[in-house]
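Below: the structure, in structure tokens.
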Amino acid sequence: YEEAVKELDLKSFIEYMIIKSWVGDADWPQNNWVVVHSPTNNVPYYFYVWDSEGGVKDVYVQQDRLAAKWAQRYSPLYIHNAFMTNSEYRCQFGDAVQRLVVNADAVLSTEGFAKRYAKKAEQVRPMVFAESARWGAYRYEAGLGSTIYGMTQWDSVCEGITNKFASSRKKYYIPQLKGYGLYPDVDAAQCVMVDEDNTVARLDVSAGVAYYTLDGTDPRQPYAEGEVTSTAVEYVPDSDISCATGGVVRVRVLSEGQW
């Protein structure tokens, strides 16, 4: 595993796998994946999202695109499944899910996605008039259907993506990830500022023991199950954490061996 990730930009690969599996793309990973690298310039492999119109449809809200049946040899899912045997990969994957899907304003959270999608849809909307004028009647005129596509269909699709797919996707997606060991059962701690100047914080921990650092480093010792770093501090419930000197407070919760 350690040798393999030297050839791959692991952070972007994990984010790629989350994005593609979250959208429920029905034509991936067995098709439609692109990877590039430059060995002469020492640039690792990067996977890119490409040709993904098969995703974010309400009929696919329960899709599990990480299922083993889609893992064709040498596909991104094939690589992902090999990496899943490593606890370090699973932990980093779970961290990325927290950041991209679970946090309140995450890009793939219900609220975060709806806000960003509405903004992008509004930008695209004027161009849909031209698209409809050029191609809206194509299928009708070619005898391929009875619908002449226009703004009514556009608005219906936008509504379905936001209110049918995105609003329900999390309740199916997170249990799928937990089933693969890619997201823990323990909830992340919530940091609450308790003074007007935002210099004192407290942690809301639902289960387990929280550890934190004040220098932005990870309290968890990598490649060491359940161990913490030398700079990690165990949080005492209802105590204050001083943030007056600035910097980044980073927190993890350990519960029954799970971070």
Side-chain angles (χ1 to χ4, degrees), residues 1-2 4-6 8-19 21-22 66 80 83-113 170-171 173-195 197-259:
Y1 172 78
E2 292 181 30
V5 297
K6 292 178 183 177
L8 180 75
D9 187 278
L10 186 61
K11 180 176 181 292
S12 71
F13 178 74
I14 289 174
E15 291 175 350
Y16 167 83
M17 293 300 299
I18 292 171
I19 291 169
S21 59
W22 183 87
L66 297 178
H80 165 84
F83 284 174
M84 273 208 310
T85 61
N86 188 281
S87 61
E88 187 68 18
Y89 177 78
R90 296 194 301 273
C91 186
Q92 291 189 45
F93 198 100
D95 291 348
V97 171
Q98 181 72 35
R99 185 177 72 252
L100 297 176
V101 181
V102 177
N103 287 343
D105 195 39
V107 294
L108 299 179
S109 69
T110 301
E111 299 81 4
F113 178 86
K170 181 181 174 181
K171 72 178 181 181
Y173 187 63
I174 296 301
Q176 289 169 1
L177 297 182
K178 287 183 176 182
Y180 295 119
L182 292 169
Y183 191 75
D185 290 321
V186 58
D187 292 331
Q190 300 300 311
C191 186
V192 180
M193 307 308 294
V194 296
D195 69 324
D197 297 325
N198 290 332
T199 60
V200 179
R202 288 182 181 174
L203 300 180
D204 182 5
V205 184
S206 61
V209 179
Y211 296 89
Y212 68 92
T213 62
L214 298 175
D215 59 2
T217 58
D218 194 337
R220 178 184 66 90
Q221 184 69 43
Y223 297 101
E225 300 288 342
E227 295 186 19
V228 299
T229 63
S230 60
T231 57
V233 179
E234 182 176 336
Y235 180 69
V236 178
D238 299 321
S239 64
D240 294 339
I241 301 175
S242 175
C243 310
T245 58
V248 176
V249 178
R250 190 165 180 182
V251 184
R252 280 193 185 273
V253 173
L254 180 63
S255 177
E256 298 181 358
Q258 282 192 322
W259 285 104

query = How would you list, by chain and number, every residue that makes a ring pair (Phe, Tyr, Trp, His ring centres under 6.0 Å) with Y1, sequence neighbours excluded?
reply = F83
query = Do K6 and E2 sit within salt-bridge range, that is, some charged N less than 4.0 Å from a carboxylate O?
reply = no
With sequence neighbours excluded, what pairs up with [X] under the side-chain hydrogen bond (donor to acceptor under 3.5 Å, both in side chains) test?
{"X": "D187", "value": "none"}
{"X": "Q176", "value": "none"}
{"X": "Y89", "value": "H80"}
{"X": "Y16", "value": "W28"}

request  = Check the pair S242, V200 against side chain to side chain contact (heavy atoms under 4.5 Å, CB included), reporting the backbone distance first and the verdict last.
outcome  = CA-CA 5 Å; S242 175; V200 179; 5.6 Å; no
request  = Given side chain to side chain contact (heavy atoms under 4.5 Å, CB included), test C191 with V251 step by step and report yes or no.
outcome  = CA-CA 9 Å; C191 186; V251 184; 5.7 Å; no
query = L66 and L177: side chain to side chain contact (heavy atoms under 4.5 Å, CB included), yes or no, with the steps?
reply = CA-CA 9 Å; L66 297 178; L177 297 182; 3.7 Å; yes
For the residue pair [X] and [Y], what are the closest heavy atoms and their distance?
{"X": "V253", "Y": "A188", "result": "CG2-C, 4.5 Å"}
{"X": "C243", "Y": "V249", "result": "SG-CG2, 3.9 Å"}
{"X": "D218", "Y": "R252", "result": "OD1-NE, 2.6 Å"}
{"X": "E15", "Y": "L100", "result": "CG-CD1, 3.8 Å"}

message = For a 4.5 angstrom cut-off between non-hydrogen side-chain atoms, does V97 reach W22?
response = no
query = Mind checking whether E88 and R220 have side chains closer than 4.5 Å, heavy atoms only?
reply = yes
request  = Measure the CG-CZ distance between D238 and R202 for me, rounded to the nearest 0.5 Å.
outcome  = 6.5 Å
key: Verdict with reasoning, R90 to L182, per side chain to side chain contact (heavy atoms under 4.5 Å, CB included)   = CA-CA 5 Å; R90 296 194 301 273; L182 292 169; 4.3 Å; yes
request  = Mark yes when over 12 heavy atoms from residues, nucleotides or ligands other than D215 sit less than 6.0 Å from its CG; otherwise mark no.
outcome  = yes
query = How would you list, by chain and number, every residue that makes a salt bridge (charged side-chain N to carboxylate O under 4.0 Å, His left out) with D9, sequence neighbours excluded?
reply = none
